[in-house]
Amino acid sequence: MTSVILGFLGAGFLHVLYTSMRSQWPESYMSVRTALDSAPRSSALRYLLFRCLPTYAVGSLLAITVERLGGYALVALVCMGVPYALVNDGRALWRLRRGGAGRGPVLWFYYLFNLVLIAGLVALSYFTYRWYADFIPEPDELIFAVWTAVFAAVLATAFQQLLRSPALSVEQKLAAARKDVGEDTWEYVNQAALDANCEPVLMQAIVAAEALQRPRWMRRLERAKGRLVPKGSYGVAQISASHPLSDAQSVRALCQEHAGYYPLRNSTGMVRQTLLEARIEKHNSNPAFVSSVMDFYRHLTPWPKYRSATISYDGRSHIEVIGVQRVGEQFEIHGTAAVSNSQLSAAYDVGEGWSTPVAIQVPGDRRQVWATQVPLEATKVAVYECSNIDPVDRGSVTFGLEHQ
């Protein structure tokens with residue numbers, strides 16, 4: 001009876017422990033708030049440590065204590081492992097069987113893996129617990145030690161709340177996503193979007209949100225699972241397919257799904273948020289996912305300082321000036337433009353009339369990034385798509401530098 005009671009207590013302890021740290025990942029999309037919250041999912045090794053160490057430690061301690069009290073270590077470990085596995089991963093599998101929310105076959109694989117992992121940890125605890133017997137106090141001393149540990153844990157929790165890591169900024173989340181995806185794949189998203197004639201920034205925002213939810217090691221496991229159960233969601237864009245997809249293949253499929261799409265904007269140039277959210281929901285309707293994509297999209301699309309009055313194919317102004325900053329003895333000016341009829345040129349005025357125009361971008365079917373430099377003495381700059389400078393032309397951008 002002692003073995004059974006202590007075994008159930010061990011199962012209850014593990015359940016409470018993991019419930020307090022639960023983030024519902026990977027079953028549900030959750031916002032990554034702090035570095036502490038995102039650490040277990042950042043690599044396969046960290047995730048395994050997160051899943052294994054507490055279970056193995058509790059199992060070993062339980063087996064040693066039960067044996068010293070005259071009970072059966074194996075019975076106690078079984079009474080710990082079975083309820084713990086059934087209440088957590090077993091219950092999740094039952095929800096999937098009944099058609100609960102999930103992400104397809106990969107979740108079956110994930111929960112079955114956890115059940116096998118728990119069984120392996122219980123067996124490992126049984127065969128190795130005697131290695132640590134000399135370091136564990138006798139039962140009467142253990143009770144005092146446990147109460148001391150509980151008191152210390154309460155204090156530690158209080159300090160953790162007081163000193164909790166600040167929430168990750170959108171910029172930090174994007175940096176983590178780009179690192180996981182890799183710069184080559186990140187740039188490929190932009191090119192694939194241009195090839196499919198859709199908004200590159202939106203495609204990158206979707207990929208970033210998916211990469212935070214399904215890091216590289218998880219995507220590799222999904223492809224490995226695909227050899228047994230082909231149907232599932234694959235790649236950095238998490239595209240549903242009947243067979244495994246590489247990251248590049250998933251990116252191409254994502255862009256093809258949105259071919260020809262550019263977010264609608266109002267008369268002031270602002271994106272119509274409700275319509276964009278509805279579009280994102282076609283890829284994934286989870287509210288946390290939609291919110292993350294919107295945050296990334298706003299961050300990746302800087303608001304222009306100056307812009308032309310005419311609107312391009314993507315709903316943005318034909319010419320945008322994103323930033324002006326001093327670099328040494330010159331102003332560096334950069335922006336984006338969509339010009340298809342003639343090259344983009346720039347000129348400046350130092351109070352003696354316009355300088356000779358300088359070509360800064362060649363014609364192209366899609367929006368491109370441009371940059372130019374002008375002297376610090378310049379008072380005005382004109383960026384235009386024609387052979388003659390006309391500061392009042394709706395298709396040009398003319399702005400002053402007197403206040404820079």
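Heavy atoms only: backbone and side chains are in, while hydrogens, waters and symmetry mates are out.
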> So do I280 and M294 actually touch side chain to side chain, heavy atoms under 4.5 Å?
yes

> Does the W354 side chain pair with the main chain of A347, one donor and one acceptor, at a distance under 3.5 Å?
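No, the answer is negative, given that no donor and acceptor are paired below the 3.5 Å cut-off.
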
> So S312 and R367, side chain to side chain contact (heavy atoms under 4.5 Å, CB included) or not? Walk me through it.
CA-CA 9 Å; S312 181; R367 182 171 296 277; 3.8 Å; yes

> Within the 3.5 Å criterion, strictly below it, is a donor on Y262 or N197 matched to an acceptor on the partner's side chain?
yes

> Donor-acceptor pair, distance only, cut-off 3.5 Å: does the side chain of S345 make one with the backbone of Y384?
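Side chain of S345 to backbone of Y384: no pair is present.
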
> In Å and rounded to the nearest 0.5 Å, what is the CD1 to CZ distance from I322 to R307?
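The CD1 atom of I322 sits 10.5 Å away from the CZ atom of R307.
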
> Looking at I319, is its backbone amide N or carbonyl O close enough to the side chain of S308 to form a donor-acceptor pair, meaning the two atoms are under 3.5 Å apart?
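A pair under 3.5 Å: yes.
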
> Inspect the surroundings of CG in D184 and state if more than 12 heavy atoms from other residues, nucleotides or ligands are less than 6.0 Å away.
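No, not enclosed.
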
> Can Y313 and S340 be counted as having a side-chain donor-acceptor contact under 3.5 angstrom?
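No, no side-chain donor-acceptor pair sits under 3.5 Å.
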
> When you measure from the side chain of S291 to the backbone N and O of P287, does any donor-acceptor pair fall under 3.5 Å?
no

> How about Y306: does its OH atom have over 12 heavy atoms from other parts shown lying under 6.0 Å from it?
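Enclosed: over 12 neighbouring heavy atoms sit under 6.0 Å from OH of Y306.
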
> Checking R265 against D314 for the salt bridge (Lys or Arg N to Asp or Glu O under 4.0 Å) test, could you report, in this order, the C-alpha distance in whole Å, the side-chain angles of both residues, the deciding distance, and whether it holds?
CA-CA 9 Å; R265 298 171 181 268; D314 55 3; over 6 Å; no

> More than 12 foreign heavy atoms under 6.0 Å from CD of E352: is that the case here?
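Atom CD in E352 is not packed in, count stays at 12 or less.
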
> Within this structure, what is the CG-CD1 distance for the pair L254 and I239, rounded to the nearest 0.5 Å?
5.0 Å

> Could you go through I360 and V383, starting from their C-alpha distance and side-chain angles, then the distance that decides it, and tell me whether this counts as side chain to side chain contact (heavy atoms under 4.5 Å, CB included)?
CA-CA 9 Å; I360 58 176; V383 183; 4.0 Å; yes

> Look at the side chain of S60 and the backbone N and O of S125, then say whether any donor-acceptor pair between them is shorter than 3.5 Å.
no

> Is there a side chain to side chain donor-acceptor pair (under 3.5 Å) between Q191 and E187? Walk through the geometry before answering.
CA-CA 7 Å; Q191 186 57 52; E187 291 302 324; over 6 Å; no

> Would you find more than 12 non-hydrogen atoms of other residues, nucleotides or ligands less than 6.0 Å from D195 atom CG?
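Result for CG/D195: enclosed.
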
> Quick check: does any side chain N or O of Q249 sit under 3.5 Å from a backbone N or O of S246, one acting as donor and the other as acceptor?
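Yes, because the side chain of Q249 sits within donor-acceptor range (under 3.5 Å) of the backbone of S246.
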
> Could you state the interatomic distance from NE2 (H283) to CD (E257), rounded to the nearest 0.5 Å?
7.5 Å

> Does the Lys NZ or Arg CZ of R252 fall within the cation-pi geometry relative to Y188 - under 6.0 Å from the ring centre and within 45° of the axis?
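Relative to the ring axis of Y188, which defines the angle, R252 lies outside at least one limit.
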
> Is it the case that the side chain of S250 and the backbone of D247 share a donor-acceptor pair, with hydrogens and angles ignored and the cut-off at 3.5 Å?
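Flag set: sc S250 to bb D247 pair under 3.5 Å.
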
> So how far is it from I311 CD1 to S317 OG, rounded to the nearest 0.5 Å?
4.0 Å

> Calculate, to the nearest 0.5 Å, the distance between atoms CG and CZ belonging to L245 and R223 respectively.
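With rounding to 0.5 Å, CG (L245) is 9.0 Å from CZ (R223).
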
> Between R219 and D180, does any NZ, NE, NH1 or NH2 come within less than 4.0 Å of an OD or OE carboxylate oxygen?
yes

> Quick one: pull up NE2 in H403 and OG1 in T379 and give me the separation to the nearest 0.5 Å.
11.5 Å

> Is the closest side-chain donor-acceptor distance between H318 and T310 under 3.5 Å?
yes

> Is there a donor-acceptor contact under 3.5 Å from the side chain of N190 to the main chain of A193?
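Such a contact is absent between N190 side chain and A193 backbone.
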
> Taking CD in E171 as the centre, count heavy atoms belonging to other residues, nucleotides or ligands within less than 6.0 Å. Is the count above 12?
no

> H243 and Y234: ring pair (Phe, Tyr, Trp, His ring centres under 6.0 Å), yes or no, with the steps?
CA-CA 8 Å; H243 59 278; Y234 297 105; 7.8 Å; no

> Carefully, step by step, assess L174 and W186 under the rule side chain to side chain contact (heavy atoms under 4.5 Å, CB included).
CA-CA 11 Å; L174 269 174; W186 186 258; 4.2 Å; yes

> With side chain to side chain donor-acceptor pair (under 3.5 Å) as the criterion, how do Q238 and E222 come out once you've worked through the C-alpha distance, each side chain's angles and the decisive distance to 0.1 Å?
CA-CA 10 Å; Q238 285 295 290; E222 288 173 333; 3.0 Å; yes

